[in-house]
Chemist: 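Once you've had a glance at the structure underneath, I'll fire off some questions.
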Amino acid sequence: MSEIKIGIAIPTAGTVHINFAASLVGMVAKFAAGGVPTVPEAKITIALHVLQSSNWITNREKLAKAAINDGETHLMFLDDDMTFDPRVLEILLGRRQAIVTTNYLIKTDPARDFVAVSLDGRRIPTKAESTGIEPIAYSGFGVSLIETEVFKKTPQPWFMPDFNAEKSEYTTEDNPFFRRAREAGFAVYVDHDASRLVSHLGARLWNWSEVSYG
């Protein structure tokens with residue numbers, strides 16, 4: 001029997017919303033009760049890693065390094081401004097891909113753009129009819145599953161932002177990471193089925209179903 005060791009990694013500034021906490025408890029409880037039906041042939045264990053500081057980029061770097069050092073096979077990033085259905089872990093793991101992310105709305109009013117970006121630079125929506133996985137350039141880390149082999153074969157720094165001199169601004173850390181991973185030979189996928197089970201948490205919830213395409 002193969003063995004899968006999942007490190008659930010939470011980079012946080014220290015304040016966690018009850019909706020995130022409830023999602024985490026629900027997912028761990030579901031795992032404990034029934035395992036992961038999408039990977040029945042494997043023995044699966046999970047561990048929880050929390051790193052608190054105001055520098056979330058350093059948090060991610062250290063959490064990824066800890067996952068390697070602890071011998072984990074997968075790192076699951078859960079950002080503390082997300083909520084998610086307990087089934088999300090089994091869906092992402094069942095894809096059996098090195099990198100699987102979710103798609104969620106950027107926190108704007110009115111709700112309009114999603115975080116996932118296609119290989120040709122377009123924002124990708126998750127609609128009612130969206131299903132399966134789709135290759136992308138990058139997405140957010142909010143709810144994502146990454147094999148630690150990706151970090152072993154992608155040179156550090158993993159999460160260093162890029163600088164746009166024309167706009168005099170920095171990118172987020174997700175775009176450069178996924179670009180470096182793709183350059184190292186790993187495909188990046190967004191999972192639309194899992195994406196319909198997550199929400200971006202802010203002053204309110206931004207949920208995929210808000211956007212009208214009529």
Side-chain angles (χ1 to χ4, degrees), residues 2-12 39 42 44-82 88-89 91-104 114-124 132-165 169-192 194-195 198:
S2 61
E3 187 172 9
I4 295 174
K5 298 181 178 180
I6 302 170
I8 295 177
I10 304 172
T12 180
V39 191
I44 301 174
T45 58
I46 61 174
L48 182 64
H49 303 288
V50 179
L51 192 57
Q52 178 184 339
S53 84
S54 59
N55 190 330
W56 69 92
I57 296 174
T58 297
N59 289 350
R60 292 198 196 280
E61 201 85 18
K62 290 183 176 180
L63 286 165
K65 194 69 174 177
I68 294 172
N69 293 340
D70 289 352
E72 289 161 355
T73 59
H74 294 72
L75 179 69
M76 184 179 197
F77 274 128
L78 294 177
D79 287 357
D80 62 13
D81 64 346
M82 301 297 299
V88 73
L89 172 57
I91 292 173
L92 295 177
L93 192 60
R95 301 303 186 183
R96 302 167 193 255
Q97 300 293 333
I99 305 173
V100 190
T101 69
T102 55
N103 196 18
Y104 45 91
F114 287 79
V115 293
V117 173
S118 68
L119 292 168
D120 61 2
R122 297 176 295 103
R123 292 284 178 185
I124 298 173
I133 59 175
E134 178 178 354
I136 57 170
Y138 69 95
S139 187
F141 288 115
V143 178
S144 53
L145 189 68
I146 305 169
E147 291 182 359
T148 51
E149 195 68 17
V150 175
F151 298 103
K152 295 176 184 178
K153 294 182 177 179
T154 303
Q156 284 183 279
W158 296 309
F159 303 103
M160 180 182 291
D162 293 332
F163 181 69
N164 186 321
E169 63 185 26
Y170 290 93
T171 66
T172 53
E173 78 279 15
D174 44 27
N175 183 350
F177 168 78
F178 289 120
R179 185 190 70 241
R180 292 171 186 135
R182 288 188 290 109
E183 289 170 351
F186 295 96
V188 181
Y189 293 95
V190 66
D191 189 319
H192 290 293
S195 297
V198 306

Chemist: Using only atom types and a distance under 3.5 Å, with no angle test, would you say the side chain of Thr45 pairs donor to acceptor with the backbone of Lys5?
Modeler: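 Absent.
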
Chemist: Given the rule in the salt bridge (charged side-chain N to carboxylate O under 4.0 Å, His left out) test, do Arg179 and Glu183 qualify, once you have shown the distances and angles that lead to the verdict?
Modeler: CA-CA 6 Å; Arg179 185 190 70 241; Glu183 289 170 351; 3.7 Å; yes

Chemist: Give the minimum heavy-atom separation between Leu75 and Ala64, together with the two atoms involved.
Modeler: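 Where Leu75 meets Ala64 most closely, the heavy atoms are CD2-CA, 3.9 Å.
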
Chemist: Mind checking whether Asp70 and His49 have side chains closer than 4.5 Å, heavy atoms only?
Modeler: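 Heavy-atom side-chain distance check passes, below 4.5 Å.
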
Chemist: Under the side chain to side chain contact (heavy atoms under 4.5 Å, CB included) rule, what do Val190 and Ser195 come out as? Steps first, then yes or no, please.
Modeler: CA-CA 8 Å; Val190 66; Ser195 297; 4.1 Å; yes

Chemist: Is there a side chain to side chain contact (heavy atoms under 4.5 Å, CB included) between His74 and Ile146? Walk through the geometry before answering.
Modeler: CA-CA 6 Å; His74 294 72; Ile146 305 169; over 6 Å; no

Chemist: Are side-chain heavy atoms of Tyr138 and Arg182 found at a separation under 4.5 Å?
Modeler: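 They are not in contact (no side-chain heavy atoms under 4.5 Å apart), so the answer is no.
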
Chemist: Begin from the C-alpha positions of Asp174 and Thr172 and carry the test side-chain hydrogen bond (donor to acceptor under 3.5 Å, both in side chains) through to its verdict.
Modeler: CA-CA 6 Å; Asp174 44 27; Thr172 53; 2.4 Å; yes

Chemist: So Ile99 and Thr101, side chain to side chain contact (heavy atoms under 4.5 Å, CB included) or not? Walk me through it.
Modeler: CA-CA 7 Å; Ile99 305 173; Thr101 69; 4.2 Å; yes

Chemist: Does some side-chain heavy atom of Arg123 sit less than 4.5 Å from a side-chain heavy atom of Asn103?
Modeler: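 Counting from C-beta outward, Asn103 and Arg123 never come under 4.5 Å.
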
Chemist: With rounding to the nearest 0.5 Å, note down the distance linking CD1 in Ile8 to CD1 in Ile10.
Modeler: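 Result: 7.0 Å between the selected atoms.
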
Chemist: Taking the side chain as every heavy atom from C-beta outward, state whether Arg95 and Leu145 have any pair of such atoms under 4.5 Å apart.
Modeler: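 The answer is no; the side chains never approach within 4.5 Å.
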
Chemist: For the residue pair Phe163 and Tyr170, does the interplanar ring angle fall in the parallel (under 30°), tilted (30 to 60°) or perpendicular (over 60°) class?
Modeler: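 Rings of Phe163 and Tyr170: tilted, as their planes differ by 30° to 60°.
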
Chemist: Give me the atom names and distance for the closest heavy-atom approach of Pro176 to Thr171.
Modeler: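 Nearest pair, atom of Pro176 first, then Thr171: CG-OG1, 3.5 Å.
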
Chemist: Is any side-chain heavy atom of Leu63 closer than 4.5 Å to a side-chain heavy atom of Phe159?
Modeler: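 No, too far: nothing below the 4.5 Å cut-off.
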
Chemist: If you take all heavy atoms of Ile68 and Trp158, which pair is closest and at what distance?
Modeler: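 Taking Ile68 first and Trp158 second, the nearest heavy atoms are CD1-CH2, 4.0 Å.
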
Chemist: Kindly say whether Ala184 contributes a backbone atom to a donor-acceptor pair with the side chain of Thr154 at under 3.5 angstrom?
Modeler: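 A pair under 3.5 Å: no.
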
Chemist: On a heavy-atom basis, which atom in Ala194 and which in Val88 lie closest, and how many Å separate them?
Modeler: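 Taking every non-hydrogen atom into account, CB-CG2, 3.9 Å.
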
Chemist: What's the separation between atom OG in Ser144 and atom CZ in Phe177, rounded to the nearest 0.5 Å?
Modeler: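 With rounding to 0.5 Å, OG (Ser144) is 8.5 Å from CZ (Phe177).
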
Chemist: What's the spacing between Lys62 NZ and Asn69 CG if we round to 0.5 Å?
Modeler: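 The NZ atom of Lys62 sits 12.5 Å away from the CG atom of Asn69.
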
Chemist: Roughly how far, to the nearest 0.5 Å, is OH of Tyr104 from OG of Ser139?
Modeler: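 Taking OG in Ser139 and OH in Tyr104, the distance rounds to 5.5 Å.
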
Chemist: Hey, does the side chain of Arg60 reach the backbone of Phe77 with a donor-acceptor pair shorter than 3.5 angstrom?
Modeler: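 Not at all, since once roles are kept as given, no pair shorter than 3.5 Å links the two residues.
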
Chemist: Do the two ring centres, one from Phe186 and one from Phe151, sit under 6.0 Å apart?
Modeler: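 No, too far apart.
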
Chemist: Minimum heavy-atom separation for Gln97 and Tyr189, please, with both atom names.
Modeler: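 Nearest pair, atom of Gln97 first, then Tyr189: OE1-CE1, 3.4 Å.
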
Chemist: Compare all side-chain heavy atoms of Leu51 with those of Thr58 and state whether any distance is below 4.5 angstrom.
Modeler: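 Of all side-chain heavy-atom pairs linking Thr58 with Leu51, none is under 4.5 Å.
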
Chemist: Side chains of Asp120 and Ser118: is there a donor and an acceptor less than 3.5 Å apart?
Modeler: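 Result is yes, a qualifying pair exists.
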
Chemist: How many angstroms lie between atom NE2 of His192 and atom CD1 of Ile124, to the nearest 0.5 angstrom?
Modeler: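 Those atoms lie 6.0 Å apart.
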
Chemist: Work out which heavy atom in Gly140 is nearest to a heavy atom in Val115; give both atom names and the distance.
Modeler: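 Minimum heavy-atom contact is N-CG2, 3.7 Å.
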
Chemist: Quick check: do Leu93 and Ile44 have side-chain heavy atoms less than 4.5 Å from each other?
Modeler: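 Counting from C-beta outward, Leu93 and Ile44 do come under 4.5 Å.
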
Chemist: Are the side chain of Thr148 and the backbone N or O of Ala67 linked by a donor-acceptor pair below 3.5 Å?
Modeler: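 Side chain of Thr148 to backbone of Ala67: no pair is present.
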
Chemist: Between Leu89 and Ile6, is a side chain to side chain contact (heavy atoms under 4.5 Å, CB included) present by the stated rule, with each step listed?
Modeler: CA-CA 10 Å; Leu89 172 57; Ile6 302 170; 4.0 Å; yes

Chemist: Please round to the nearest 0.5 Å and tell me the distance separating atom CZ of Phe141 and atom CH2 of Trp56.
Modeler: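 Result: 12.5 Å between the selected atoms.
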
Chemist: I'd like to check Leu92 versus Val143 (side-chain heavy atoms, cut-off strictly below 4.5 Å). Are they in contact?
Modeler: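 They are in contact (side-chain heavy atoms under 4.5 Å apart), so the answer is yes.
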
